[in-house]
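Protein chains get the first letters and strands the later ones, always in sequence-line order, with residue 1 at the start of each.
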Amino acid sequence: MNVLVTVRLVPDLVEPLVVSPQEDNLDWEETSLVLNESDDHALEEALLLKEKHRARITVTAFDFGEIDQVLYMAAAKGVDRIIKISWPHREPPNSLEIVETLARLVPALGIDLVLMGCQSPTEFLGMAAPQLAATLGWSYVGVVRGVEGSGRSEAWRAFKEYPGAILAEMEVRLPAVVGILTASQPPRYVPVSRIRAAAQQVQFETIEGPDELKEPPAAIRRVYLTPVTAHATMLRGSEEEVARQLVEILLEKGILK
Amino acid sequence: MEYTPRRIIAEAWSGTLERVIRSPSIWMCVGCYTCSLRCPRQIDLTDTVWPAMRDYALQEGIQPPSELRTAFQNLYLYGNVFGHSPRKRLEWTRGLEVTVRDLSKSPEPVEVLWLVGCYPSYHPRNQVVAREMARILTALGIRWGILGKEERALGDCDRLFGEEGLFEMLVESNRRLFERFQFEKIVLLDPHAFRALEKFYPRFGAVFPAEHYTTFLASRLEQLRPWLVKRINARVTYHDNCCVGRRCRCFDAPRKLLTAIPGIELVEMERNREHALCCGGGGGGMWLDAFITQHGGRRLSDVRVQHALKTGAEILAVSCPFELSRFEDAVKVAGAEDRLRVRDILELLAESMGLSEGGGP
């Protein structure tokens, strides 16, 4: 079975977000990026399929930000093939651009199963995976937390999570696109020495990105940080001082009389 | 602990080391150096055997405990174990009344390059200690600077935990960083970082003169003494940290600093100097309390606080950023908040110098 995983970089919320001067997007040059969490889980699920079912894994990513480090990490974890999609733009690709590129790539690679994170902060409503399935005319199931073989080569089981802690076991006919929420186990740790070795040894294949940029289905009118409307007040000082301040506040609010 | 150092050596001799690396024991050593010092064949178990065995385990694909995995990933991505933004490294300086030379912004020659360290930079309780250090260095007229948001962990704990690749990566980036600046000496608050810089960085050609703050300040005691005017009338016991103490055999400098403070009566715990019990935070143990207790280990800081309480001391003095939070938690566990306070030596010095932002004992 040939599995394709696509990985994306998203804003790292450890750093403060910076809005562009035009207020129509983030300022991507000032934004630190990190691997999208559910894409990391999609990669882990693919690695588990490789271990259990000898799946062959291809990882793709758009050449945006410091994606090479993520791809070296994927190589160190044991993926078989890495394809980098050229992307000379200052903003990351939107879901339409991702879908168009993957829809072109997937048949050419003979892929049976596409695993991708079912959500990403950089795309509207987590639509990339179902859009890709619709474009390819393939089966789709999303918000999945594990995929496993059923004993029949064309039918696989996906465990889909519903709100309220309900888990559905679904049969997925291949070829399929599966939107991964979490893998069956936490993404594995790979020692940094392995990543550094991969950086010395691994060569990426490269392909061209989409021919033209796609307008997203919904235009962004304005991006802005949530306005601060109120502040918390930290009470400082000794226990007695804090207690006195607290009593004053409660008296002021009329809670204590 | 299923596999003691002696048993590990026996397993290695019998070719069954595979069993050891698949056991939780492999993650339970907290790097106290006791086995290294007691080994009759003088094998440096802590610095060589344990890291090598853990490195082997990681290379074999054995997953470290999840807390440790997170710490490794944070170090890899952000250069600190907390996973905080490097841009926030200077938050401890907020409200500080002394001038902080951020060499990453304006490089200039300094006498002391102070590596603040991850805990003093980010951990609120340790940020107080960092501010006291800034005040003391300034009061002594020392020309000092820091690396601001460019500072990264030195990586000793991940080396002890077998993440040799991560350690090498940090050595390379820190070496390039330090070489950009002119300084006479590096001074550190973190004994583990000091140990890494003193012993392991030179193996990669990164040779920089370094001192832990206790020896640095003790060597300037005559300069410091006129400042120590305020009495701290308290019985104090000192906990020897493993890296500066047992490993580097530096026991006197912290005691000289404490006894120079008027009013302090220094009392020793039953286990002191090279026999001191570890706080349990070294070698990555800082992140593995739950894992260690889950697998039958003890929280050593709880035991150590009992040692301190037996002395009748009112203050447990420390000189390692891990120990403040570990021992303060242990004091709460013991229900002894009204009897014992945990304070870094820097806090006591600053208080006696009239520089302190904290209260007295």
(request) Select one option (side chain, backbone, both, neither) describing which atoms of B:Glu164 are under 4.5 Å from chain A's heavy atoms. (result) neither
(message) Checking the side chain of A:Arg188 only, and the main-chain atoms of B:Gln63 only, is there a donor and an acceptor separated by less than 3.5 Å?
(response) no
(message) How close do A:Pro187 and B:Arg69 get, counting heavy atoms only, and between which atoms?
(response) O-NH1, 3.6 Å
(message) Which atoms of B:Pro64 are under 4.5 Å from chain A, going by heavy atoms: the side chain, the backbone, both sets, or neither?
(response) side chain
(request) For chain A, find which of B:Gln59, B:Lys88, B:Gln73, B:Met169 contributes the most heavy-atom pairs closer than 4.5 angstrom. (result) B:Gln59
(request) Using a cut-off of 6.0 Å, state whether more than 12 heavy atoms not belonging to B:Glu337 lie near its atom CD. (result) yes
(message) So for B:Tyr78, is it side chain, backbone, both, or neither that comes closer than 4.5 Å to the heavy atoms of chain A?
(response) side chain
(message) Within this structure, what is the OG-CG distance for the pair A:Ser193 and B:Asp55, rounded to the nearest 0.5 Å?
(response) 6.0 Å
(message) Heavy-atom count check: over 12 atoms from other residues, nucleotides or ligands less than 6.0 Å from B:Arg94 CZ?
(response) no
(request) Name the member of A:Asp12, A:Val192, A:Val190, A:Val34 that forms the most heavy-atom pairs with chain B at distances under 4.5 Å. (result) A:Val192
(message) Surrounding CZ of A:Arg222 (heavy atoms of other residues, nucleotides or ligands, distance under 6.0 Å), is the total greater than 12?
(response) yes
(request) Evaluate whether atom CD of A:Glu66 has more than 12 neighbouring non-hydrogen atoms of other residues, nucleotides or ligands under 6.0 angstrom away. (result) no
(request) Compare every heavy atom of A:Pro191 with every heavy atom of B:Leu58, then report the nearest pair and how far apart it is. (result) O-CG, 3.6 Å
(request) Measure distances from A:Ser32 to the heavy atoms of chain B and classify the residue's part below 4.5 Å as side chain, backbone, both or neither. (result) side chain
(message) Within a 6.0 Å radius of atom NZ on B:Lys149, are there more than 12 heavy atoms belonging to other residues, nucleotides or ligands?
(response) no
(message) Quick check on A:Arg90: does its CZ atom have over 12 non-hydrogen neighbours (other residues, nucleotides or ligands) under 6.0 Å away?
(response) no
(message) With a 6.0 Å cut-off (strictly less than), is the heavy-atom count around CD of A:Gln203, excluding the residue itself, greater than 12?
(response) no
(request) Grab the two heavy atoms, one from B:Pro86 and one from A:Glu15, that are nearest each other, plus how far apart they are. (result) CD-OE2, 3.5 Å
(message) Please report the interatomic distance OH(A:Tyr189) to OG1(B:Thr70), rounded to the nearest 0.5 Å.
(response) 10.5 Å
(message) Around atom CD of A:Glu161, are there more than 12 heavy atoms from other residues, nucleotides or ligands closer than 6.0 Å?
(response) yes
(message) Would you compute the distance between atom CD of A:Gln69 and atom OH of B:Tyr76 and round it to the nearest 0.5 angstrom?
(response) 4.5 Å
